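In what follows, a structure is listed as structure tokens, so that the remarks can point back to it.
Everything quoted here is computed from the prediction, not taken from an experiment. Residues take their numbers from the sequence shown, with the count starting at 1. Counting convention: from 1, in listed order, for ligands and their atoms alike.
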Amino acid sequence: MKAAAFEYLRAASCDEAVAALAGEDTAVLAGGQSLVPLLNMRLARPRLVVDINRLADLSYLRRDNGNVVIGALTRHRAAETSAMVATDLPLLAAALRYVGHVSTRNRGTVGGSLAHADPSAELPTVAVALDASIRVQGSHGVRDIAAPDFFVGPHETALAPGELLVSVSFPVVPGAVSVQELPFRGCDLVVVAAVAVEDGICAQARIAVGGAGPTPIRASAVEEALIGRPVTDAVIAAAVAEFTCDPPDSLHAPASYRREMASVLTRRAIGTAVHT
Ligand SMILES: Cc1cc2nc3c(=O)[nH]c(=O)nc-3n(C[C@H](O)[C@H](O)[C@H](O)COP(=O)(O)OP(=O)(O)OC[C@H]3O[C@@H](n4cnc5c(N)ncnc54)[C@H](O)[C@@H]3O)c2cc1C
């Protein structure tokens, strides 16, 4: 199928993009890896598509005060292959390798993946695990939204009409990392974990599960049950038993199966991280 007709604007500045987005029925075009299929299948029929690909000042990776800040238009592949991300944000580097194929990641952008808000997508799950802060710009100026508040539902975010996602700031979190996925159609699950162990004791844990609910879920109870304890298999199993989720039923994977698999992957993610 071909997209329905739409108007097209190639924005020359963030201000121009924001002004254009303030109108009715608009969509941002970044890497186009999700938007273009949606347009072609006519699942999205915007009046105006605002292309931000020329906004070079939205494409950057930099350190800032204990955080790694990534511009919205930074391609997945640039983040995945960045030495700074490998050192300071290994969880993001590991998760990016699971996003589509290299050709998808060459075009797809960090901001696009967050704004698309697929509940089983890797980047939103990492953002929730690490308590990232997402900066958006609108006609009012900029505001920062904590990742758990940014993701509101499947493909639904706290972006107000007319706002552009401009950057995301990830705190640098110590620890070995693991990403575990169950990627078959209809039961996409992803678990990301960063676990720091000192003298056999868990000093810090960041764990989130994507695809087990309408938005990625921070496994806070599991983290609390790990921190300060020796990371034995028994402790990990007891901690994972604290995880609760309420996934939807589907033709391909009933809720009970997803719930069970979310626990299996969480146990595997923690175990892999602590034995790295
Ligand atoms: C073959 C294939 C495999 C894939 N596999 C995966 C996978 O395994 N995991 C995964 O997570 N994704 C996967 N995807 C989806 C895709 O990689 C991402 O959703 C996509 O890259 C999002 O980034 P983008 O820059 O392409 O966004 P676009 O497609 O341009 O936009 C996506 C949505 O976000 C909005 N948007 C984009 N940028 C902004 C912004 N700065 N501010 C506000 N709104 C914005 C757009 O309006 C649109 O609604 C796959 C895609 C393909 C084609």
Could you tell me whether Glu80 and Arg97 have a side-chain N and a carboxylate O separated by less than 4.0 Å?
-> no
Candidate pair Val136 and Arg143, rule side-chain contact (heavy atoms from CB on, under 4.5 Å), full reasoning | CA-CA 6 Å; Val136 306; Arg143 64 185 180 116; 3.5 Å; yes
Where is the nearest protein heavy atom to atom 44 (N) of ligand 1: which residue, which atom, and how far?
-> Ala115 CB, 3.4 Å
Taking only heavy atoms of Gly108 into account, list the atoms of ligand 1 that are under 4.0 Å away from them.
-> 21 (O), 25 (O), 26 (O)
Ala30 heavy atoms, cut-off 4.0 Å: which ligand 1 atoms fall inside?
-> 25 (O), 30 (O), 37 (C), 38 (N)
Arg54 side chain to Arg10 main-chain N or O, any donor-acceptor pair under 3.5 Å?
-> no
Just by modelled atom types, is the Gly112 backbone N or O under 3.5 Å from a matching donor or acceptor in the His116 side chain?
-> no
Do ligand 1 and Val28 have nitrogen or oxygen atoms that lie under 3.5 Å from each other?
-> yes
For Ala225, does its backbone N or O pair with a side-chain atom of Arg229 as donor and acceptor, under 3.5 Å?
-> yes
Between Arg47 and Glu24, is there a donor-acceptor pair closer than 3.5 Å when you use the side chain of the first and the backbone of the second?
-> yes
Between Asp199 and Ile201, is there a donor-acceptor pair closer than 3.5 Å when you use the side chain of the first and the backbone of the second?
-> no
Just need the protein heavy atom nearest to atom 16 (C) of ligand 1, so name the residue and atom and give the distance.
-> Ser34 OG, 3.6 Å
Can you tell which of Leu35, Thr26, Val36, Thr104 gets a heavy atom nearest to atom 52 (C) of ligand 1?
-> Thr104
What are the atoms of ligand 1, with element, lying closer than 4.0 Å to any heavy atom of Thr109?
-> 23 (O), 24 (P), 25 (O)
Which of the ligand 1 atoms, numbered from 1, are nearer than 4.0 Å to a heavy atom of Leu164 = 40 (C), 41 (N), 42 (N)
Looking only at protein heavy atoms, identify the closest one to atom 12 (N) of ligand 1 and say how far it is in Å.
-> Val99 CG1, 3.9 Å
Proximal atoms of ligand 1 relative to Leu159 (non-hydrogen, under 4.0 Å) = 43 (C)
Of Arg75, His76, His101, which has the heavy atom at the shortest distance from atom 1 (C) of ligand 1?
-> His101
Short N or O distance, Gln33 and ligand 1, threshold 3.5 Å exclusive | yes
For atom 27 (O) of ligand 1, grab the closest protein heavy atom and report residue, atom and distance to one decimal in Å.
-> Gly112 CA, 3.6 Å
Any N or O of Leu165 closer than 3.5 Å to N or O of ligand 1 = yes
With atom 3 (C) of ligand 1 as the reference point, say which of Cys14, Gly100, Ala95 has the nearest heavy atom.
-> Gly100
Counting each atom of ligand 1 from 1 as listed, which ones have a heavy atom of Glu122 under 4.0 Å away?
-> 7 (C), 8 (O), 9 (N), 10 (C), 11 (O)
Do Asp131 and Pro148 come close enough that some side-chain heavy atom pair is under 4.5 Å?
-> yes
Within the side chain of Thr74, is there an N or O that forms a donor-acceptor pair under 3.5 Å with the backbone of Tyr60?
-> yes
Under a heavy-atom criterion of less than 4.0 Å, does Asp118 contact ligand 1?
-> no
Mind checking the CG-CD1 spacing from Asp149 to Ile134? Nearest 0.5 Å is all I need.
-> 9.5 Å
Side chain of Gln137, backbone of Leu165: donor and acceptor closer than 3.5 Å?
-> no
Measuring from Ile145:CD1 to Leu114:CG, what's the distance to the nearest 0.5 Å?
-> 11.0 Å
Report, in ascending order of atom number, the atoms of ligand 1 lying under 4.0 Å from any heavy atom of Ala121.
-> 11 (O)
Near Ile52, which atoms of ligand 1 are under 4.0 Å from a heavy atom of that residue?
-> 41 (N)
Is Val110 in contact with ligand 1, taking contact as a heavy-atom separation below 4.0 Å?
-> no
Report yes if the side chains of His76 and Gln33 come closer than 4.5 Å at any heavy-atom pair, otherwise no.
-> no
Judging by distance only, is a nitrogen or oxygen of Gly32 under 3.5 angstrom from one on ligand 1?
-> yes
Specify side chain, backbone, both or neither for Arg105, according to which of its non-hydrogen atoms lie closer than 4.0 Å to ligand 1.
-> neither
